[in-house]
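Worksheet: one structure, shown below.
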Amino acid sequence: MSGDHSHNEDQIMGGSRINDSHKHKDKYKEHKHKDYKRDKEKSKHGNSDYKDPSDKKYKDKEKMKHKDGSTEKNKDKHKEKRKEDKIKLLNDKVKKEKENGFVSPLHVKSEPEEDFYHSPKHEKSLKRERDEDYDSEFKPKKIKTENDKKVKKRKPGDEGDIKPKKTKTQKEVTDGKKKAKKEPEEKWKWWEEERYTDGVKWKFLEHKGPVFAPPYEPLPSRVKFYYDGKPMRLSPEAEEVATFFAKMLDHEYTTKDIFRKNFFKDWRKEMTAEEKATITDLKKCNFTEMSEYFKAQSEARKAMSKEEKQKIKEENERLLQKYGYCIMDNHKERIANFRIEPPGLFRGRGDHPKMGMLKRRIRPEDIIINCSKDSKCPEPPPGTKWKEVRHDNKVTWLVSWTENIQGSIKYIMLNPSSRIKGEKDWQKYETARRLKKCVDRIRAQYREDWKSKEMRVRQRAVALYFIDKLALRAGNEKEEGETADTVGCCSLRVEHINLYPENEGQEYVVEFDFLGKDSIRYYNKVPVEKRVFKNLQLFMENKEPDDDLFDRLNTSILNKHLQELMDGLTAKVFRTYNASITLQQQLKELTTADENIPAKILSYNRANRAVAILCNHQRAPPKTFEKSMQNLQAKIDAKKDQLSDAKRELKSAKADAKVRKDEKTKKAVENKRKAVQRIEEQLMKLEVQATDREENKQIALGTSKLNYLDPRISVAWCKKWGIPVEKIYNKTQREKFAWAIDMADEDYEF
DNA sequence: AACGCGACTTAGCAACGCACTA
DNA sequence: TAGTGCGTTGCTAAGTCGCGTT
């Protein structure tokens, strides 16, 4: 059965992704969802306040009436319904599973190792995990190169921080020459140390706090705002918000109703009473002078002299040095985002109901500082106070505040190169590798579950199949009206799939068409097993388009189930696993020994691309795509001409040599031959580049590379084929994956 | 069980900036 | 020397998932 899961070319490339630009998305969305939503609300509850909590009971009751029919029309009452069914079913389930051995100890036994030790989320097992899993595979060979003595402070009782020799290893190879001097610093190999085991994230934390957005600078008085054709001076508060709008004038979304409505509403809140009285219609507002002014400003910025630019750069560098680092457990670590998000107009992705709302300015009074008690606490700007200072070493953030659009919390955290992020990342891939060991068993089980007599078990099993086969996201439910209408696996609605008993010569085809995270469209047509197909038909029976496909399932149920199958298993682990295993397979398949380096890199990119397609990582084609493609083609053509010239010359040189037979002409032939060769190589390189770029038009490789692909696979591949890692990972990426670069050797197996 | 929240990962795009070219 | 093209970096939205509360 695992054959079915090998994400081969067919599956990966199978679905055409017709999504492109945002426009497309928006359009798609507009007719596909918006209207439904509206109808739904109306038709369902006739009218009114069904948001009122008191209404809930009513709903519950209503639900109960039809609760039995899995077939009756249940609209958005699923939740309540689910609840009830759940209780019953859950009980059943517990019994069931014991009975029929789904949670069979046999299985557990069959993979004793992975089922027992490391529980990735139970940090206590981390240490062991590492010992048992890695030490055998990645001898920290480097460790001994120098007998660095470490001063470990992290764990009471263990040796200390490794202050190892420089980690130049990888860099010397290619950057050797220029690097020599800028590499004096020794890199800390946290991955050679023990980890915390008890939910503690650090013992010591000191930082300088956040950098706030610069205060608003009022416009020069010559830059005017006009209302109804008449110039009007705005109060600074109102003016600031107006400038946010003015800066976006060129964007399409300032023409959207929701955007304008939200903006105007929030803008009015900032106005003085008089302003509010005067400015009553956004259509009568003329921001063009402001807009022109900002354009001029940005031109001016571009045109600044070198010195001025240098000055700014230095100032930024100063800020970075001061605020961009913290001390965590005796190591200086880079902070990811030390600047507080500046105020502006919110633009969510896709059709966001809150687009255009004012994202307010964050003040020190909004800020919570987290640091250790024994550290020097950052000072708030003069005359201000922090909202709170706390000392919570069970979390990793340094600063937090609550954002006003969704009311969610934002954080300042460390850079991916930091120990705290790196360990977690490493751990993530270890969990995925554990899944590798038991994935066959899990697949066997969900296939069994397709036959279950319990609807909820079958739903769970089909959903899991999609998550596994198609790398769908889990799909938490979202609060309606708070965010764009997007879905993942568990939240798929009937309207998102179409069933074709037969389609283009294939049987049992499911067509997916929905908006996923970031309102990126997922479109795919996949043949599925008959059982899955039949189940889907059943799940869809007597439902409306906007009913949940899996009405007896949600992410929490699914994850609870997964947790029982493997310690630490959640839906997203399947994405990581399938992405990484696909990369490994594809690399094996695509790399050929006799290719040159550019060709090997093309193979790598293709393997990477297969993963990106699997995970549906799309991008809008770069605006300059066509042009740059043309340029490249022109280069190729030129190179071709050059090649034929060179060939001609070679030919005549040969002819010449035939006649003259002296050393000099022989040498000339040799030279010409080499020239031809060189040009051929260059030509090939260009052609490879063109292919790569073309294939990459709408696909973003970065996301999978950064988040889903076990870096050790790539590092091993590089080592195996003698490719410098720099060809695969840029500087930032090498910093993030330093652990992998250091520990993976060419035999690494995911 | 469901909710709401908190913490943390994953995501695409726009601005930036640097090397190369015209 | 300015302009281009393109990779890199910054930004922050939007997910996942676990936990405590109700």
Side-chain angles (χ1 to χ4, degrees), chain A residues 21-22 25 53 56 79-80 82-90 121 201 251 298 301-303 306 309 312-313 316 320 336-342 344 346-350 352 354-355 359 368 370 392 394-397 400 402-403 405-411 413-416 420-421 424-425 428 473-479 482-484 486-491 516-520 554-560 562-563 568-573 575-576 579 612 615-620 622-625 627-628 631-632 635 693 700-704 706-708 730-733:
Chain A
S21 72
H22 284 289
K25 281 176 228 160
K56 194 168 180 242
K79 279 179 208 154
E80 288 80 0
R82 260 189 230 133
K83 253 179 257 184
E84 297 158 13
D85 290 355
K86 234 65 107 354
I87 299 171
K88 200 167 75 190
L89 299 176
L90 228 231
K121 15 200 66 164
K201 303 291 169 54
H251 271 106
S298 87
R301 223 173 306 125
K302 273 187 226 152
K306 258 213 190 107
K309 282 184 181 166
I312 292 175
K313 211 175 148 187
N316 277 332
L320 173 67
N337 55 324
F338 56 89
R339 288 171 201 275
I340 298 280
E341 298 171 16
F346 177 82
R347 171 46 169 150
R349 312 207 175 136
H352 199 116
K354 301 198 170 182
M355 66 170 82
K359 196 167 103 160
I368 302 176
N370 193 30
D392 182 356
K394 299 275 205 282
V395 298
T396 68
W397 53 268
S400 76
T402 302
E403 152 271 347
I405 304 287
Q406 327 265 2
S408 64
I409 307 174
K410 302 262 190 167
Y411 303 93
M413 291 183 184
L414 297 192
N415 195 73
I420 212 155
K421 293 290 185 189
K424 200 79 187 300
D425 204 37
K428 173 181 79 189
R473 295 186 184 82
N476 286 312
E477 52 264 76
K478 309 167 75 186
E479 215 179 322
E482 293 295 295
T483 63
T486 62
V487 298
C489 187
C490 295
S491 49
K517 182 176 179 181
D518 294 320
S519 292
I520 296 290
N554 62 36
T555 54
S556 150
I557 295 174
L558 180 65
N559 280 333
K560 245 170 231 158
L562 293 175
Q563 189 61 238
L569 187 60
T570 62
K572 85 188 187 94
V573 178
R575 287 194 115 212
T576 311
C615 295
N616 201 37
H617 291 144
Q618 301 191 25
R619 62 166 184 178
K623 288 182 197 75
T624 56
F625 185 84
K627 197 165 70 171
S628 89
N631 290 161
L632 194 54
K635 268 191 194 170
R693 193 178 297 176
L701 299 187
T703 305
S704 49
L706 234 45
N707 299 300
Y708 290 103
N730 68 29
K731 183 157 146 314
T732 320
Q733 294 166 161

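Below, read A as the first sequence line, B as the second, and so on, with proteins coming before strands; counting in each chain starts at 1. The figures that follow rest on heavy atoms only: side chains count, while hydrogens, waters and symmetry mates do not.
Nearest to the side-chain atoms of K421(A) among the listed nucleotides dG15(C), dC17(C), dT9(B) stands dT9(B). With distances taken from any side-chain atom of A571(A) to the nucleotides dA7(B), dC17(C), dA13(C), the minimum falls on dC17(C). The side chain of K428(A) approaches dT10(B) more closely than any other nucleotide in the set dT10(B), dA13(C), dC17(C). Of the candidates dC8(B), dG18(C), dT10(B), the closest approach to any side-chain atom of T570(A) belongs to dG18(C). The side chain of K410(A) has dT12(C) as its nearest neighbour among dA14(C), dG18(C), dT12(C). The side chain of K572(A) lies closest to dC17(C), out of dA14(C), dC17(C), dA11(B). Taking only side-chain atoms of K313(A), from C-beta outward, the nucleotide of dA13(C), dT10(B), dC18(B) with the closest atom is dC18(B). Minimum atom distance to the side chain of H617(A) is reached by dG12(B), of the listed dC8(B), dA14(C), dG12(B). Looking at the side chain of S628(A), the nearest of the listed nucleotides dC6(C), dC8(B), dA11(B) is dC6(C). The side chain of Q563(A) lies closest to dG18(C) when the candidates are dA7(B), dG18(C), dA11(B).
Using modelled atom types, one finds a donor on one side chain and an acceptor on the other under 3.5 Å when comparing T555(A) with N476(A). Counted by atom type alone, K478(A) and T483(A) present one or more donor-acceptor pairs between their side chains at under 3.5 Å. For the residue pair R693(A) / S628(A), a side-chain donor-acceptor distance below 3.5 Å is found, with atom types taken as modelled.
Between F346(A) and H352(A), the ring planes are perpendicular. Angles over 60° get that label, and only those under 30° would be called parallel.
As rounded to whole Å, 8 Å separates atom P of dC13(B) from atom CG of D518(A). If you measure from atom CG of L562(A) to atom P of dC17(C), you get 9 Å, rounded to the nearest angstrom. Protein atom CD of E477(A) is 12 Å distant from nucleotide atom P of dC17(C), rounded to whole Å. Going from atom CD1 of I340(A) over to atom P of dG10(C) covers 17 Å, rounded to whole Å. Nucleotide dA11(B) holds its P atom 16 Å from the CZ atom of R619(A), rounded to whole Å. Atom P of nucleotide dG6(B) and atom CD1 of I368(A) are separated by 9 Å, given to the nearest angstrom. The CG-P distance, from N337(A) to dT10(B), rounds to 16 Å in whole Å. Counting to the nearest Å, the P atom of dT10(B) and the CD1 atom of I520(A) are 17 Å from each other.
To the nearest 0.5 Å, atoms CG (N559(A)) and CG (L569(A)) are separated by 8.0 Å.
A search for ring-ring contact (aromatic ring centres under 6.0 Å, His included) contacts involving Y708(A) returns H617(A), not counting sequence neighbours. A search for side-chain hydrogen bond (donor to acceptor under 3.5 Å, both in side chains) contacts involving N337(A) returns nothing, not counting sequence neighbours.
Across all strands shown, Y708(A) has heavy atoms under 4.0 Å from sugar-phosphate atoms exclusively, and none from any base. Across all strands, Q406(A) comes closer than 4.0 Å only to sugar-phosphate atoms, never to a base (heavy-atom distances). At a threshold of 4.0 angstrom between heavy atoms, the contacts of G475(A) are confined to the sugar-phosphate backbone, with no base atom among them. G488(A) comes within 4.0 angstrom of no nucleic acid atom, judged by non-hydrogen atoms across all strands. At the heavy-atom level, K359(A) lies under 4.0 Å from the strands shown only through sugar-phosphate atoms. At a threshold of 4.0 angstrom between heavy atoms, the contacts of R693(A) are confined to the sugar-phosphate backbone, with no base atom among them. Residue P342(A) is classed as a sugar-phosphate contact, given heavy-atom separations below 4.0 Å to backbone atoms only. T555(A) comes within contact range of no nucleotide atom at all, as no heavy-atom separation falls under 4.0 Å.
The main-chain N or O of N707(A) is found under 3.5 Å from a side-chain atom of K428(A) such that the two form a donor-acceptor pair.
OP1 or OP2 of dC8(B) has at least one side-chain nitrogen or oxygen of K201(A) nearer than 4.0 Å. Note on N476(A): a side-chain N or O is less than 4.0 Å away from OP1 or OP2 of dT16(C). Residue N559(A) has a polar side-chain atom (N or O) positioned under 4.0 Å from OP1 or OP2 of dC17(C). One finds no side-chain N or O of S408(A) lying less than 4.0 angstrom from the OP1 or OP2 phosphate oxygen of dA14(C). Not one side-chain nitrogen or oxygen of K517(A) sits closer than 4.0 Å to the OP1 or OP2 atom of dT9(B). An OP1 or OP2 oxygen of dA14(C) is reached within less than 4.0 angstrom by no side-chain nitrogen or oxygen of R473(A). Dashed line: the shortest gap from a side-chain N or O of R575(A) to OP1 or OP2 of dA11(B) is under 4.0 Å. Regarding contacts with the backbone of dG12(B), a side-chain N or O of T703(A) is found under 4.0 angstrom from either OP1 or OP2. Regarding contacts with the backbone of dG12(B), every side-chain N or O of Q618(A) stays at 4.0 angstrom or more from both OP1 and OP2. The phosphate of dG7(C) (OP1 or OP2) has no side-chain N or O of N730(A) nearer than 4.0 angstrom.
Comparing D392(A) and N316(A) along DNA chain B, the residue whose closest nucleotide (by nearest heavy atom) sits nearer the 5' end is D392(A). Mapping G516(A) and R339(A) onto DNA chain C by nearest heavy atom places R339(A) at the nucleotide closer to the 5' end.
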Evaluate K354(A) against E482(A) for side chain to side chain contact (heavy atoms under 4.5 Å, CB included), listing each step before the verdict. CA-CA 7 Å; K354(A) 301 198 170 182; E482(A) 293 295 295; 2.9 Å; yes

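A484(A) and S519(A) make their closest contact through CB-OG, 3.9 Å (heavy atoms, listed as atom of the first residue, atom of the second, distance).
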Nucleotide N/O to protein N/O under 3.5 Å, stretch nucleotides 1-4 of chain C:
none

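Contact check on E403(A) versus K359(A) returns no salt bridge, with no Lys/Arg side-chain nitrogen under 4.0 Å from an Asp/Glu carboxylate oxygen.
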